Structure formats: structure tokens, C-alpha cells
Amino acid sequence: MGVSSPYKVKCFCSLTVISAAMESNMITEVSSGVCDPSAGQPHRAALILARGGSKGIPLKNIKNLAGVPLIAWVLRAALDSEAVDSVWVSTDHDEIERVARVWGAKVHRRSPKVSKDSSSSLETIQEFIRLRPEVDIVCHIQATSPCLHPHHIREALQMITEQGCDYVFSVVRRHQFRWEEVDKKEGKNPRSLNIDVAHRPRRQDWPGELYENGSFYFSTRKALENGLKQLGKIAYYEMLPEYSVDIDVDIDWPVAEQRVLRFGYFGREEKAVVSLFLCKLSGCLTNGQIFTSVSGEDHVAINARDVAGIQMLQRENIEVILMSSVNEPLSRGLLEKVAQLAGCGLWFGELLNGFEVEWLIKKKKLRWDEVAFMGSESEDREILSQVGLNGVPCDSPVANLIAAKYTCQRPAGNGAVHEFAEYILMLKKKSLLPVHQEHIDRANF
């Protein structure tokens, strides 16, 4: 997202205040000297630190938030920013490494020396750049800030590459009155730190104060090698409050989930409009169990909520087709009965691979990015990787093998289809809204 109007500059000796009427940020620089950008194109590396020993929430970096591993929200933003040359995850944990690689990141296995509870972020980053001599700029992004968008990364990075900053960090504007902490035993009155109690301002009459929001810290290599002790030009990047989400303890999780559904970055598929939903019958609509009656008849169970989810899609003119293999152990008649109960079409395939699905898509004059697919088995990986939007039940084996755009909280045969249908419709709604769809009341956010 570019700047919508020219910069307005006011100078006060060594303090330069720069404000821009842009959607996402105002910038204030504190300069102690001029730092020219290095000649040539510097190597810019995004780095997410994800230690396995989180104390507040065990393995929170890969815990699902709104159907996606927490760390994947920022990985997706970094990879789609097109502003960095490489995206890395620094970890000491095998499962975090697996998730990071599945989502397209490179992995730096940190040493035990910087994997302790007492290890600082700076120590870990310094180890990373010692082993990566090609890196000139480190974009340290916090995994716990899932509402980061690509344009935040691009705009902040430009402050280093184009404006010559050595260090850029993210902030948010808060309207909070602060008071001095006192020992109650002493009986001393607390002192207000940023307000005149006799003239308490209205929110709209007070610009508020800036606080670090913990989303990111961008630094040049030289600044990091010097331990951030000899910084030249420093700047902050102001993010709007709706994007300033930080997860630290369990109580933050449900709040963050609602916020990320509204303000998170959903990737390039956010703008895709789904016209066709393909869903595996066994392992998605059903849980794969087959019940046999005393008379020898086979039965399966489907969830009424999943049927309702299919109907929700159909009301939005999204065609739904259940998929099954000709080698399915259930009889064709029973499968057709299930499709009839679900109120949608049934398609039998020989192998249910990408080639067969491509034939179906071309027959319907659609593109891959107009198709959503829900699968559950390892043989579904080819289709899952090609469609515009994919989802898997939480108990699906394939969930461990692919970067599913959405991993349901519900298992197969027990509401997973309904949950994914809601996700499809939510993305459709977002794609049809203008960029400033939320109309945030800044004075009362």
C-alpha cells in the first residue's frame, strides 16, 4: 500500500517529525546523524523467533488460531510482502521446524546456548547473522502478532532501504492515562504521569501516546553486531490499533481469534471468489466409519450441521459436489442416498487425482483458483495444493503434511464441513468489500 499524500515535515533541531496521511502509519524519527543506504541491493531477511519452550502457552507458536497455526499468519504476510529476500524461522523444536517448512520458510536451528529461558532475542539474532554473512538487514517479526499485513513490512522496510534508518520498530497509539505506582503501606498519594486531573481531556482532544506493540523490529546488520548500542537513525512505524494484537497468555487467545478473523491477512486467496466446493464424502462429510446392521446392510452417519453448511453455500450460488472413489467400500446406492440427503451432486472418480479434477473444472469452465476443496487423506495432497482454497478436518492425517489454508477445529463427520463452509463465506464477504470496509471509529477504538 503506497503513500496517499506527500510527507509533511517539521524540523526541531535534531528531532524530525514526519507525518504522512496514509492508511496505516505516521512516522517520527529521532536522528543523531545521517546514514546513507549502502550501495547496491542489500539482502533483507525476515526472521521469526519461535522457541519450543513457551511458558505461558505451551508451543503457542504453532497452536491453531482461526484455523491456521499462529506462526503461519506472519509467515504468510512476510512471504507475500515481496519486500524480503528470504524468510526464516529460528527454532529449537522439531515440530515448529516442520510447520515452518510446510508454510514455506527456511529454518535456522538455533544452538542450545541461545535456547534457554534466559536467552534474549538479540543474542539469538546475533547468532543467526553470524551464520548468515549474506544478510544485511534483519526484519525481526514476532510470531505472536497475527494481524500483520504485507504492506506493514514493505513500508517499514523502506524506512531502512530508502530513508537510511538503522533501526525501525512498530508502535501503536493508545489513549491511556498513566499513574505512578506507590507502596500502599507508605500512605503516599499516587502522582499522575501524563494528565492534569483538574483538566482531564476528552479522548478526541488528546492525541494519546505511542507504545511498542511488539509486531516487529527491523535492524541493519551493523546495528545488531554492535548490540544495538550505537544506533544512528532510529524511527518508529505506527500501526493502527486494530492490527496491534499480541498474544501472551491463554486469555488473549479468544480475543485474538475474533480480531484476526476481522483484521488478519488471509493471503492471496482472500480475493478469490469460490464458485465450486468439492468435498470428499468419506473422511470429511462422514468420519469414515461404516455401520453394518444385523440384516447385512451398510450405514453411515452424517451431521445435520454439515448439511446446513452445504445449504449455506448453495444459497450463495456456490455449487457443491461430493467426491468418492469407484473403489469406495460403500455401495453406490448408499453414496447416492447420502448425496441426496445432503442435497448436492455426487462425482465418482477412478483415482481422484489432480488430472481428474482438472477435467471436471474445465468441464464447468472454471479455474483452479475458483475451487475450494476439502480432503483428508495423503492422496488428496495434489488437489489440496492446487485449488484456490483448501481445508481439512482437525483429525485428518493430511493436516500434518500440507500447509492447509484452513484446519477445522471440528473433526470429520462432526461439523467440519459446516465450519469450512462458514470460512468460505467469510472470505467471500471480505473479497466483495472495499479496502476500508471496517469503518473504524478511531476516536473510540
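The residues of the chain are indexed from 1 along the displayed sequence. Here the structure is a predicted model, which is why all the values come from computation and not from measurement.
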Taking the ring of Phe277 and the ring of Phe420, is the distance between their centroids below 6.0 Å?
yes

Any side-chain to backbone donor/acceptor pair from Glu97 onto Arg109? Under 3.5 Å, distance only.
no

All heavy atoms of Cys147 vs all of Val260, minimum pair found to be SG-CA, 3.8 Å

Mind running side chain to side chain contact (heavy atoms under 4.5 Å, CB included) on Arg200 and Phe177 for me, showing each step along the way?
CA-CA 9 Å; Arg200 185 181 293 268; Phe177 299 132; 3.2 Å; yes

For Asp92, which residues count as a side-chain contact (heavy atoms from CB on, under 4.5 Å) partner, sequence neighbours excluded?
Arg51, Arg110, Ser115

Mind checking salt bridge (Lys or Arg N to Asp or Glu O under 4.0 Å) for Asp306 and listing every partner two or more places apart, or none if nothing turns up?
none

Run through Arg154, Glu155, His151, His152 and flag the one making a side chain to side chain contact (heavy atoms under 4.5 Å, CB included) with Ser81.
Arg154

Which residues satisfy the side-chain hydrogen bond (donor to acceptor under 3.5 Å, both in side chains) test with Ser170, sequence neighbours excluded?
Asn213

Looking at every non-hydrogen atom in both residues, tell me the closest pair between Pro393 and Ala416 and how far apart they are.
CB-CB, 4.1 Å

Checking Ile141, Leu49, Leu75, Leu47 against Val89 for side chain to side chain contact (heavy atoms under 4.5 Å, CB included), the one that qualifies is Leu75

Test side chain to side chain donor-acceptor pair (under 3.5 Å) on Trp88 and Ser86 and set out the steps.
CA-CA 7 Å; Trp88 293 83; Ser86 57; 3.1 Å; yes

From the list Glu422, Glu316, Glu370, salt bridge (Lys or Arg N to Asp or Glu O under 4.0 Å) with Lys428 holds only for Glu316

Per the side chain to side chain contact (heavy atoms under 4.5 Å, CB included) rule, which among Leu352, Leu285, Leu322, Val417 passes with Lys280?
Leu352

Whether Phe266 and Tyr423 hold their rings parallel, tilted or perpendicular, with breakpoints at 30° and 60°
tilted

Tell me, with the steps shown, if Glu225 and Lys222 meet salt bridge (charged side-chain N to carboxylate O under 4.0 Å, His left out).
CA-CA 5 Å; Glu225 288 175 337; Lys222 182 179 179 181; over 6 Å; no

Go through the steps for Asp85 and Arg44 under the test salt bridge (charged side-chain N to carboxylate O under 4.0 Å, His left out), then give the verdict.
CA-CA 5 Å; Asp85 301 296; Arg44 301 149 298 182; 3.3 Å; yes

